[in-house]
Asks: 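This is the structure I want to talk about, given as structure tokens.
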Amino acid sequence: MMLIDIPDGWPRDEAGARAVQDGLRGRVIAGEPGPPVGTGRVTGVDVAYDDERDLVAAAAVTLDAATLDVVARATAVGRVAFPYVPGLLAFRELPAVLAALEDLGTPPGLVVCDGYGLAHPRRFGLASHLGVLTGLRTIGVAKNPFVFRHDDPGPQRGATAPLTDGDGEEVGRALRTRTDVKPVYVSVGHRTGLDAACAHTLHLTPRYRVPETTRLADRLCRDALAAAVRSL
DNA sequence: GCGACAG
DNA sequence: ATCTTGTCGC
């Protein structure tokens, strides 16, 4: 099996990683409306780990946004490129994700990431990082609030509450995707706006809390990791 | 200095 | 993320 390489110049310590974030964050474009919900394509990306064997597997799954049918999928397996450090998740996940996206062989459309975009201590979470590196439209949909706070959005599907930073600025939104279920945490990655990011997220959650894109990518990268371990 | 902290 | 049994509910 072919293991992907860690990119040249990839940071090897926390200081180097933060310097990369500070150098790239100015390139984020927020506020573009982007294509209407339910048109074009949406791609989910996710990553699974086997730290014991130093392996990482990423998956990218592209859906027709109107039908949510799978139209393309790809995986990539490599060595873990960075330890997990809160605020530096992108350096752990992106090398494998980039390889999986390239292997799709077809334009991804809006990329839905498992994590944050602008809702990040330095306004440069993994969704924004991926967007800047690829030029793709990206959003972040996280399952936990990370360092941010929010009021109760209310129990109904579609209800929202601002995710705010220390200065009261809205960096993302807690979005209830299923009635009476814990919300997800949506933020802009690149070349999109927060309203559009939430609208797309709702469209991708007709049945479960987490977007279909993320669920499919999660299953696929777990399978890819298991297959990689099996072939050792 | 200590605790919290996406995946 | 990942380690893990049973259990409650649709």
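Each chain gets a letter, A, B and so on, in the order the sequences are listed, and its residues count up from 1.
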Asks: So what does Y84(A) touch, heavy atoms closer than 4.0 Å: a base, only the sugar-phosphate, or nothing?
Replies: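 Touches a base.
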Asks: So what does D46(A) touch, heavy atoms closer than 4.0 Å: a base, only the sugar-phosphate, or nothing?
Replies: sugar-phosphate
Asks: If I take atom NE2 in residue H150(A) and atom P in nucleotide dA6(B), what distance separates them, rounded to the nearest angstrom?
Replies: 13 Å
Asks: Salt bridge or not between K143(A) and D114(A)? Use side-chain N to carboxylate O under 4.0 Å.
Replies: yes
Asks: Whole angstroms only, please: what is the CZ-C1' distance between R92(A) and dT2(C)?
Replies: 10 Å
Asks: Rounded to the nearest angstrom, tell me the gap between atom CZ in F146(A) and atom C1' in dA6(B).
Replies: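 After rounding, the gap between these two atoms is 5 Å.
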Asks: Expressed as a whole number of angstroms, how long is the span from F124(A):CZ to dA6(B):P?
Replies: 19 Å
Asks: Using a 4.0 Å heavy-atom cut-off, does A119(A) contact any base of the nucleic acid, only the sugar-phosphate backbone, or nothing at all?
Replies: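 If one applies the 4.0 Å heavy-atom cut-off, A119(A) turns out to touch nothing in the nucleic acid.
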Asks: Would you call D195(A)-R173(A) a salt bridge at under 4.0 Å N-O?
Replies: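 Salt bridge flag = yes for R173(A) with D195(A).
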Asks: Does R123(A), at its CZ atom, have more than 12 non-hydrogen atoms belonging to other residues, nucleotides or ligands within less than 6.0 Å?
Replies: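 Above 12, so yes.
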Asks: Base, sugar-phosphate alone, or nothing: which one does G140(A) contact when heavy atoms must sit under 4.0 Å apart?
Replies: nothing
Asks: Give a yes or no on whether D151(A) atom CG has more than 12 heavy-atom contacts from other residues, nucleotides or ligands under 6.0 Å away.
Replies: no
Asks: Classify R222(A) by what it touches in the nucleic acid, base, sugar-phosphate, or nothing, heavy-atom distance under 4.0 Å.
Replies: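 Sugar-phosphate contact only.
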Asks: Does dA6(B) have OP1 or OP2 under 4.0 Å away from a side-chain N or O of K143(A)?
Replies: no
Asks: Give the rounded distance in Å between these two atoms: CG of L163(A) and P of dA6(B).
Replies: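 Computing the L163(A):CG to dA6(B):P distance gives 13 Å.
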Asks: Looking only at heavy atoms, which two atoms of Y49(A) and R92(A) are closest? And how far apart?
Replies: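 Nearest heavy atoms, Y49(A) then R92(A): OH-CG, 3.2 Å.
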Asks: Have a look at L88(A) and say if it touches a base, only the backbone sugar-phosphate, or nothing, with a 4.0 Å heavy-atom cut-off.
Replies: base
Asks: Rounded to the Å, how far apart are Y116(A) OH and dA1(C) P?
Replies: 14 Å
Asks: dG7(B) P sits how many Å from Y185(A) OH, rounded?
Replies: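 After rounding, the reported distance stands at 10 Å.
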Asks: Check this one for me: any side-chain N or O of N144(A) less than 4.0 Å away from OP1 or OP2 of dG7(B)?
Replies: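 Yes, within the criterion.
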Asks: Which whole-number value in Å describes the distance from L118(A) CG to dA6(B) P?
Replies: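 The answer, rounded to whole Å, is 18 Å.
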